**Student:** 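What follows is a single structure, and I will ask about it in a moment.
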Amino acid sequence: MAISPVIPVYNRTNLSFERGEGAYLYTPEGERYLDFLSGIAVNSLGHCHPHLVQTLKDQSEKLWHVSNIFSIEPLTRLSKRLVENSFADSVFFCNSGAEAVECGLKAIRKYFDENDKPEKHRVITFDGAFHGRTFGAIAATGTPKVLEGFEPRLPGFDKVAINIEAVKAAITHETAAILIEPVQGEGGIKPIPTEFLQELRKICDEQDLLLFFDEVQCGNGRAAKLFAYQHFDVEPDILATAKGLGGGFPIGACLMKEKVAETLKTGSHGTTFGGNPLATAVGNAVLDILLEEGFMQKVSDIAGNLRDKLESLQNKFPTIVDEVRGLGLLMGIKLRPEFENTKMVEKLRENKLLVNAAGDNVVRIIPPLIIEESHVEEALEIIEKTFGEML
Ligand SMILES: *Cc1c(COP(=O)(O)O)cnc(C)c1O
């Protein structure tokens, strides 16, 4: 048998880690790597944050799982806190980003069905978007690659360019919603212009559509606000999040305005594990830190510092760097076409800096939110050294 016992859907390296602490990962041989990938925006507070470790230990000695037919205290508390700190009135918990997106997509259908407009069922999505790997999510995703071999694509999605005229032209009497990542992650760390998001809100209000933000990657403090949309003075009707919310423990959440949430009646949606006591206890511990007075300001300051340094690197290596872009600690270096991002990521890894490749030839830089100036300096030294070796 030639196949590995693990289904080979990932491009895995042989590198493995035994433990992590803050912004560092250690191999079994004790070699140290600076982690500016954070499990792809998951380990938002670094590895083994003491408050998260303690919370998980305490909860694991009390209660692991009960069915959602019972009240779950950490779940109730986490939903209240998300509601208090966002546009939302109500939250559904699940276990991953794709599930949070699916919940939002189902809520859109249910909302219009309950409002006697079942013909409104189509969702407008965008080029370069990524929404996950379930059937619904791949149909919504903007890159053809995720659909390869899995067609026919589920109906009900209209993909357009990030252009207001294109959005307007795509709207018909069947259109129900617009789904967008306020900062495209997998597509290449592209912040969507504020005016564009504001214009989408206006269109949704005028044409009776729901606005659905996918903040699976850019939410939970990643963009130096609890949610990225809070930068733009635009509120969605639905927001999906996951990745950083559990700091490494699997959890997803779909946040909604009351008018949408109230249409999801008893029995209309559900999941066995969603809102599990371990996951929601850790989610609360993550929020304890994200909501601490001054924490977001600190993230914003260090993000500014990282951005300044990356931009000065662009001046120093204009033949390598095409553009530095992003929001908060969701940053990308777009390389010139002569340099391949996947190759650069490998070279950076050889020099003990962990980052990864996103779309559009971008090297994605997503450090834990707890980094200090010394980490930024260390990362920049490695990047500078690596760029030097590539010339
Ligand atoms: C990662 C991601 C998803 C999918 O999340 P999973 O937990 O992998 O299912 C969806 N949307 C965005 C924007 C993402 O970055």
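Both counts, for ligands and for their atoms, begin at 1 and track the order of listing. No hydrogens, no waters, no symmetry mates; every other heavy atom, side chains included, goes into these values. This structure is a prediction, so every number in the text was calculated from the model and none was measured.
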**Student:** Which protein residues come within less than 4.0 angstrom of ligand 1, counting heavy atoms only?
**Tutor:**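 Residues near ligand 1: S96, G97, A98, F130, H131, G132, E181, D214, V216, Q217, K243.
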**Student:** Which pairs with one or both residues in residues 229-251 pass salt bridge (Lys or Arg N to Asp or Glu O under 4.0 Å), sequence neighbours excluded?
**Tutor:**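 Of all non-adjacent pairs touching residues 229-251, those that pass salt bridge (Lys or Arg N to Asp or Glu O under 4.0 Å) are R201-D237, E235-K257.
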**Student:** Among side-chain atoms of K225 and H231, is any donor-acceptor pair under 3.5 angstrom?
**Tutor:**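 No, no side-chain donor-acceptor contact under 3.5 Å.
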**Student:** E350: which residues meet the salt bridge (charged side-chain N to carboxylate O under 4.0 Å, His left out) condition with it, sequence neighbours left out?
**Tutor:**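 Once residues adjacent in sequence are excluded, the partners of E350 under the salt bridge (charged side-chain N to carboxylate O under 4.0 Å, His left out) criterion are K347.
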**Student:** Ignoring hydrogens and angles, state whether a donor on the side chain of T342 or E340 is under 3.5 Å from an acceptor on the partner side chain.
**Tutor:**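 The criterion, which ignores hydrogens and geometry beyond distance, is satisfied for E340 and T342.
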**Student:** Does the side chain of T134 pick up a donor-acceptor pair with the side chain of E102 at under 3.5 Å?
**Tutor:**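 Yes, side-chain donor-acceptor contact under 3.5 Å.
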**Student:** Just grab all the salt bridge (Lys or Arg N to Asp or Glu O under 4.0 Å) pairs involving residues 150-167, residues at least two apart or on different chains.
**Tutor:**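 Listed by first then second residue: R122-D158, D127-K159.
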